[in-house]
2 protein chains.
Amino acid sequence: MRRDIFQAIADPTRRAIIGLIAIQAMTPNAIAEHFETSRQAISKHLRILSECELIQQEQKGREIFYQLELNKLKEIDQWLAQFKAIWENRFNELDTILANLKNKTDENESTI
Amino acid sequence: MRRDIFQAIADPTRRAIIGLIAIQAMTPNAIAEHFETSRQAISKHLRILSECELIQQEQKGREIFYQLELNKLKEIDQWLAQFKAIWENRFNELDTILANLKNKTDENESTI
DNA sequence: TAAATTTGCAACTAATTGGTTTCTTAATTT
DNA sequence: AAATTAAGAAACCAATTAGTTGCAAATTTA
């Protein structure tokens, strides 16, 4: 029951919900209309997303509008950042290798 | 049994494995030494990561070195990109609002 | 060649997950 | 006031998951 954002986005339905309410807030019923499953199943997904603070809710009369909490998604981006640092670094290394190769080629050319 | 990258990174142990082998390839035994669980449990995690093509293996004698496939991690980054577009857009909107506010302030100042 | 090491695979188990059904509460309509 | 609508809560179920134990195959080492 103690879930984190990574478990929250592991489910494809939950990722679809996130995509759906990214632009504008929606009610559970409106969201459920976009899926094959029942409203209750969607409600459970919304509860999980709420527990992880990936979504926020605003009550309007008897309706509840759920909205994406974009800042929370940044936590995934932050986890990715450490690897991004590596892959960009590898790219730089490749740059260095290519630069070295070019220098050697130039040297050879100059001795011809 | 049909898992995708999002399910692969949902497990904290698997995320730790990913972090561990990000810099250099490691054998299952070496990886397992960093965790409380058994080697077999780690092996199962490695199989899941393999199935999702998040890691690659290279056999050296009786040892198998597992290495992170950085490019696969980019798929998560690509999924995040759509939301990044939104939050950067919101930031720009805020910029516009602030710019407008400033202009109005300037106008007021000029009329004083 | 025999013993030890490294690893993967299969069977089993307890816990968790996603889903359904039923029920209750609260806010609108009619 | 009665019926309808929106939504959360609880109980239940089938499928999946993470982990364990035991075993077999392949490579080293003694």
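Values reported hereafter were calculated over all heavy atoms of this structure, with side chains retained and with hydrogens, waters and symmetry mates removed. Residue numbering restarts at 1 for every chain, and letters A, B, ... go by the order of the sequence lines.
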Colleague: Which of the following nucleotides, dG8(C), dT17(C), dA7(D), is nearest to the side chain of Y66(B)?
Modeller: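 Per side-chain heavy atoms of Y66(B), the pick is dG8(C).
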Colleague: Less than 4.5 Å apart, side chain to side chain, heavy atoms only: is that true for L46(A) and I31(A)?
Modeller: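 The answer is yes, as the side chains (C-beta and beyond) meet within the 4.5 Å cut-off.
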Colleague: Could you check if a side-chain atom of I86(A) sits within less than 4.5 angstrom of a side-chain atom of I23(B), using non-hydrogen atoms only?
Modeller: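 In contact.
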Colleague: If you check every side-chain atom of R39(A), which of dG8(D), dG19(C), dG18(C) has the closest atom?
Modeller: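 Shortest atom-to-atom distance from the side chain points to dG8(D).
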Colleague: Provide, to the nearest angstrom, the distance between the CZ atom belonging to F6(B) and the C1' atom belonging to dT17(C).
Modeller: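 About 19 Å, once rounded to whole Å.
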Colleague: Would you say S38(A) reaches dT20(C)'s phosphate, i.e. side-chain N/O to OP1/OP2 under 4.0 Å?
Modeller: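 For dT20(C), OP1/OP2 do have a side-chain N/O of S38(A) under 4.0 Å.
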Colleague: Report yes if some heavy atom in the side chain of S43(B) is under 4.5 Å from a heavy atom in the side chain of R47(B); otherwise report no.
Modeller: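 Sidechains of R47(B) and S43(B): no contact.
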Colleague: Starting at atom CG of L46(A), determine the distance to atom C1' of dG8(D), rounded to an integer number of angstrom.
Modeller: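 After rounding, the gap between these two atoms is 11 Å.
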Colleague: Taking only Lys NZ, Arg NE, NH1 and NH2, and the carboxylate oxygens of Asp or Glu, determine whether D4(B) and R15(A) approach each other closer than 4.0 Å.
Modeller: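 Result for this pair is yes, salt bridge flagged.
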Colleague: Is any side-chain nitrogen or oxygen of S43(A) closer than 4.0 Å to OP1 or OP2 of dA7(D)?
Modeller: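 For S43(A), the contact criterion (side-chain N or O under 4.0 Å from OP1 or OP2 of dA7(D)) is not met.
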Colleague: Indicate yes or no: does E88(A) engage K84(A) in a salt bridge with an N to O separation below 4.0 Å.
Modeller: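 So E88(A) does not pair with K84(A) through a salt bridge.
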Colleague: Between C1' on dA7(D) and CD1 on I31(A), what's the gap in Å once rounded to a whole number?
Modeller: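 Going from I31(A) (CD1) to dA7(D) (C1'), I get 12 Å.
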Colleague: Return the angle between end axes of the helix from dT1(C)-dA30(D) to dT30(C)-dA1(D), with five pairs used per end and rounding to 10°.
Modeller: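 Result, rounded to 10 degrees: 20°.
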Colleague: If you check every side-chain atom of D11(B), which of dA18(D), dG18(C), dT21(C) has the closest atom?
Modeller: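 When the side chain of D11(B) is considered, dA18(D) is the closest of dA18(D), dG18(C), dT21(C).
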Colleague: Distance alone, cut at 3.5 Å: any donor-acceptor contact between the side chains of Q56(B) and E69(B)?
Modeller: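 The answer is yes; a qualifying pair exists.
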Colleague: Which letters describe nucleotides 25-30 of chain D, given B = protein heavy atom under 4.0 Å from base, S = only from sugar-phosphate, - = neither?
Modeller: --BS--
Colleague: I want to check something: taking the side chain as every heavy atom from C-beta on, are P12(A) and F6(B) in contact at a cut-off of under 4.5 Å?
Modeller: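 When only atoms from C-beta onward are counted, F6(B) and P12(A) do not touch, as no gap falls below 4.5 Å.
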Colleague: Hey, does the side chain of R3(B) come within less than 4.0 Å of dT16(D)'s phosphate (OP1/OP2), counting only N and O?
Modeller: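 No, because none of the side-chain N or O atoms of R3(B) sits under 4.0 Å from OP1 or OP2 of dT16(D).
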Colleague: Report the distance from atom CG of D77(B) to atom CZ of F83(A), rounding to the nearest 0.5 Å.
Modeller: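 The CZ atom of F83(A) is 12.0 Å from CG of D77(B), to the nearest 0.5 Å.
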Colleague: Do Q67(A) and Q57(A) touch side chain to side chain, with heavy atoms closer than 4.5 Å?
Modeller: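 No - every pair of side-chain heavy atoms lies 4.5 Å or more apart.
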Colleague: Whole Å only: how far is the CG atom of L49(A) from the C1' atom of dG8(D)?
Modeller: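 Atom-to-atom, L49(A) to dG8(D), this comes out as 15 Å.
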Colleague: Taking the side chain of I64(A) as heavy atoms from C-beta outward, which of dG19(D), dA7(D), dG8(C) is closest to it?
Modeller: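 Nearest to the side chain of I64(A) among the choices is dA7(D).
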Colleague: Round to a whole Å and report the spacing from NZ of K44(A) to C1' of dT16(C).
Modeller: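 After rounding, the reported distance stands at 11 Å.
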Colleague: Tell me if a side-chain donor or acceptor on E63(B) pairs with a main-chain N or O of K60(B) at a distance below 3.5 Å.
Modeller: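 Such a contact is absent between E63(B) side chain and K60(B) backbone.
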Colleague: Between dT22(C) atom P and Q40(A) atom CD, what is the distance in whole Å?
Modeller: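 About 11 Å, once rounded to whole Å.
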Colleague: Below 4.0 angstrom, which residues in residues 16-29 of chain A have at least one non-hydrogen atom near DNA chain D?
Modeller: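 By residue number: T27(A), P28(A), N29(A).
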Colleague: Please report, rounded to the nearest Å, how far the C1' atom of dA9(D) is from the CD atom of E51(A).
Modeller: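 Rounded to the whole Å, the gap is 13 Å.
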Colleague: Nearest nucleotide by nearest heavy atom, which residue falls closer to the 5' end of DNA chain C, F65(B) or H45(A)?
Modeller: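 Looking at the nearest nucleotide for each, F65(B) comes out on the 5' side.
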Colleague: Is there a donor-acceptor contact under 3.5 Å from the side chain of R14(B) to the main chain of L49(B)?
Modeller: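 Checking the backbone N and O of L49(B) against the side chain of R14(B), no donor-acceptor pair under 3.5 Å is found.
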Colleague: With a 4.0 Å cut-off on N to O distance, would you call K72(A) and E75(A) a salt bridge?
Modeller: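 Salt bridge: yes.
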Colleague: Which nucleotide in the list dT20(D), dG8(C), dC23(C) gets nearest to the side chain of Q57(B)?
Modeller: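 In terms of side-chain proximity for Q57(B), the closest of dT20(D), dG8(C), dC23(C) is dG8(C).
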Colleague: Rounded to whole Å, please give me the gap between CD in E33(B) and P in dT5(C).
Modeller: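 Nearest whole value for this atom pair: 13 Å.
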